[in-house]
Enquirer: 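Right, I'll just put the structure down here and ask away after.
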Amino acid sequence: MEDSAVSVLKRAVELDEASRYQESLVCYQEGVALLLKVLRATKDEKKKNHYKDKISGYIDRAEYIKKYLEKEKEDGKYHKQIKIEENMKGFCYEKLFQEYLDNTVTEVWVEDPYIRQVHQGSKKNQQMKILEEIEQSLKGFGVALDVLFSPSIHDREIRFNNGWVIKIGRGLDYFKKPEGSFCLGYCDFDLRPCHETTVDIFHIKHTKKM
């Protein structure tokens with residue numbers, strides 16, 4: 001476990017030095033959690049004090065980065081990029097969007113120009129039937145769905161009216177088809193393998209300053 005903690009914390013420092021703060025924060029948190037387990041299992045007082053000093057230093061750095069990222073969010077300068085590799089799991093919609101869907105969000109805009117696959121509703125009549133069914137279902141939860149068609153749009157993005165913008169290279173259709181109806185991942189998208197794509201998250205304030 002000590003080797004695992006050292007490996008994760010080494011990666012945290014590398015990411016920190018490369019200014020990849022969001023990723024480094026996650027590694028610092030994971031590394032500290034591992035090192036705390038090592039500390040609890042250690043009997044040698046000299047080693048205990050050594051681990052305590054290391055843990056304290058990593059926690060201080062993680063807290064600094066956390067406050068820095070929060071300030072970046074407030075100022076609209078925050079930019080997070082997630083690279084999803086081929087066949088990776090653990091990237092359900094909730095994981096990508098939940099952090100930015102706070103209580104101030106009352107409207108969401110989804111733009112996707114390539115809704116062509118069968119599971120997306122490829123024919124226009126089929127599309128409208130599916131969208132009307134979704135619209136009726138959402139009404140039961142007090143949510144209104146408006147659909148607009150554009151002959152020229154080519155970008156893919158999701159925008160929240162609190163200012164956050166999420167751009168996904170493949171749009172929302174970045175999950176691979178499950179192997180069967182009873183496979184893990186059929187219902188739980190967090191367990192479903194993904195296609196390779198890149199996700200960019202930023203605030204609209206940042207685009208106004210550029």
Side-chain angles (χ1 to χ4, degrees), residues 12 15-16 19-30 32-33 59-84 88-113 115 119-121 127 130-150 153 155-175 185-192 194 197-210:
L15 291 166
D16 192 351
S19 300
R20 294 167 62 179
Y21 299 123
Q22 185 70 43
E23 294 168 89
S24 71
L25 177 60
V26 173
C27 287
Y28 276 128
Q29 291 169 335
E30 291 179 357
V32 166
I59 288 176
D60 287 346
R61 182 57 185 169
E63 284 299 314
Y64 177 86
I65 291 174
K66 188 176 180 181
K67 289 177 182 177
Y68 172 81
L69 290 173
E70 288 172 354
K71 184 68 167 57
E72 289 281 287
K73 283 185 178 181
E74 290 176 7
D75 294 343
K77 297 176 182 178
Y78 175 88
H79 176 212
K80 180 178 181 180
Q81 186 175 83
I82 302 169
K83 292 185 178 180
I84 301 175
M88 284 187 76
K89 299 181 182 74
F91 290 96
C92 64
Y93 295 137
E94 183 179 10
K95 186 161 290 183
L96 288 186
F97 303 143
Q98 188 176 45
E99 184 179 350
Y100 312 96
L101 281 167
D102 56 31
N103 293 331
T104 66
V105 176
T106 56
E107 294 182 14
V108 178
W109 297 273
V110 178
E111 295 182 356
D112 195 327
I115 304 180
H119 62 280
Q120 294 174 300
Q127 280 183 333
I130 292 170
L131 291 169
E132 285 170 4
E133 188 174 326
I134 294 171
E135 180 184 3
Q136 290 303 314
S137 179
L138 287 172
K139 277 184 179 179
F141 293 89
V143 179
L145 173 67
D146 294 319
V147 180
L148 297 174
F149 290 93
S150 170
I153 188 173
D155 288 338
R156 299 177 174 98
E157 69 176 31
I158 299 97
R159 287 176 285 130
F160 304 141
N161 68 331
N162 61 356
W164 289 105
V165 180
I166 294 133
K167 287 182 173 284
I168 308 175
R170 296 184 63 97
L172 290 170
D173 189 32
Y174 58 87
F175 295 103
Y186 185 81
C187 296
D188 188 345
F189 278 27
D190 212 31
L191 300 175
R192 189 179 292 195
C194 301
T197 193
T198 300
V199 183
D200 284 286
I201 303 166
F202 53 91
H203 200 279
I204 196 68
K205 287 182 188 175
H206 186 55
T207 61
K208 288 179 180 179
K209 295 176 182 178
M210 291 175 65

Enquirer: In chain order, what residues pass the side-chain contact (heavy atoms from CB on, under 4.5 Å) check against Ser150, with sequence neighbours excluded?
Expert: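 Ser150 satisfies side-chain contact (heavy atoms from CB on, under 4.5 Å) with Ser152, Ile153 only.
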
Enquirer: Has Thr197 got a side-chain atom pairing as donor or acceptor with Arg170's backbone, closer than 3.5 angstrom?
Expert: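 Present.
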
Enquirer: Please name all residues satisfying side-chain hydrogen bond (donor to acceptor under 3.5 Å, both in side chains) with Asp102, sequence neighbours left out, ordered by chain then number.
Expert: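 Applying side-chain hydrogen bond (donor to acceptor under 3.5 Å, both in side chains) to Asp102 gives Thr104, Asn162.
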
Enquirer: Could you tell me which residues satisfy side-chain hydrogen bond (donor to acceptor under 3.5 Å, both in side chains) with Glu72, sequence neighbours excluded, listed by chain and number?
Expert: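 Testing Glu72 for side-chain hydrogen bond (donor to acceptor under 3.5 Å, both in side chains), a comparison that skips the adjacent residues, returns none.
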
Enquirer: Would you mind reporting whether Trp164 and Leu101 have side-chain heavy atoms less than 4.5 Å apart?
Expert: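 In short, these two side chains do not touch, never coming nearer than 4.5 Å.
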
Enquirer: With rounding to the nearest 0.5 angstrom, report the CG to CD1 distance, Asp112 to Ile158.
Expert: 8.0 Å

Enquirer: Under the criterion side-chain contact (heavy atoms from CB on, under 4.5 Å), I'd like the reasoning laid out for Asp200 against Ile166: C-alpha separation, chi angles, the key distance, then a yes or no.
Expert: CA-CA 6 Å; Asp200 284 286; Ile166 294 133; over 6 Å; no

Enquirer: For residues 132-143, which residue pairs pass the side chain to side chain donor-acceptor pair (under 3.5 Å) check, not counting sequence neighbours?
Expert: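 Matches after skipping sequence neighbours: none remain.
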
Enquirer: If the condition is salt bridge (Lys or Arg N to Asp or Glu O under 4.0 Å), which residues does Arg61 pass it with, not counting sequence neighbours?
Expert: Asp16

Enquirer: In residues 89-97, what donor-acceptor pairs under 3.5 Å come from side-chain atoms, sequence neighbours left out?
Expert:
{"from": "Tyr93", "atom 1": "OH", "to": "Leu172", "atom 2": "O", "distance (Å)": "2.5"}
{"from": "Glu94", "atom 1": "OE2", "to": "Gln98", "atom 2": "NE2", "distance (Å)": "3.3"}
{"from": "Lys95", "atom 1": "NZ", "to": "Gly90", "atom 2": "O", "distance (Å)": "3.3"}

Enquirer: Residues in ring-ring contact (aromatic ring centres under 6.0 Å, His included) with Phe160, at least two apart?
Expert: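 None.
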
Enquirer: What are the two closest non-hydrogen atoms of Leu145 and Leu131, and how far apart are they?
Expert: CD2-O, 3.7 Å

Enquirer: Check side-chain contact (heavy atoms from CB on, under 4.5 Å) between Ile59 and all other residues, then give those that pass, not counting sequence neighbours.
Expert: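 In terms of side-chain contact (heavy atoms from CB on, under 4.5 Å), with neighbours along the sequence ignored, Ile59 is linked to Val32, Ile55, Glu63.
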
Enquirer: Any donor-acceptor pair under 3.5 Å linking the side chain of Arg156 with the backbone of Gly169?
Expert: yes

Enquirer: Can you list the residues that meet the ring-ring contact (aromatic ring centres under 6.0 Å, His included) rule with Tyr68, with sequence neighbours excluded?
Expert: Tyr21

Enquirer: By salt bridge (Lys or Arg N to Asp or Glu O under 4.0 Å), which residues pair with Glu23, not counting sequence neighbours?
Expert: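 Salt bridge (Lys or Arg N to Asp or Glu O under 4.0 Å) list for Glu23, sorted by chain: Arg20.
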
Enquirer: Can you name the nearest heavy-atom pair linking Ser24 to Ile65, along with the distance?
Expert: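 Closest heavy-atom pair between Ser24 and Ile65: OG-CD1, 3.6 Å.
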
Enquirer: Please give me the minimum heavy-atom distance between Tyr100 and Lys80, naming the atom from each residue.
Expert: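 Smallest interatomic distance, heavy atoms only, reads OH-CD, 3.6 Å.
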
Enquirer: Quick one: list whatever passes side-chain contact (heavy atoms from CB on, under 4.5 Å) with Glu157, sequence neighbours left out.
Expert: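 For Glu157 the side-chain contact (heavy atoms from CB on, under 4.5 Å) partners, ignoring immediate neighbours, are Glu111, Arg159, Val165, Lys167.
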
Enquirer: Output all residues satisfying side-chain contact (heavy atoms from CB on, under 4.5 Å) with Asp188, sequence neighbours left out; order by chain, then residue number.
Expert: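 Counting only residues at least two positions away or on another chain, Asp188 forms a side-chain contact (heavy atoms from CB on, under 4.5 Å) with Asp190, Leu191.
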
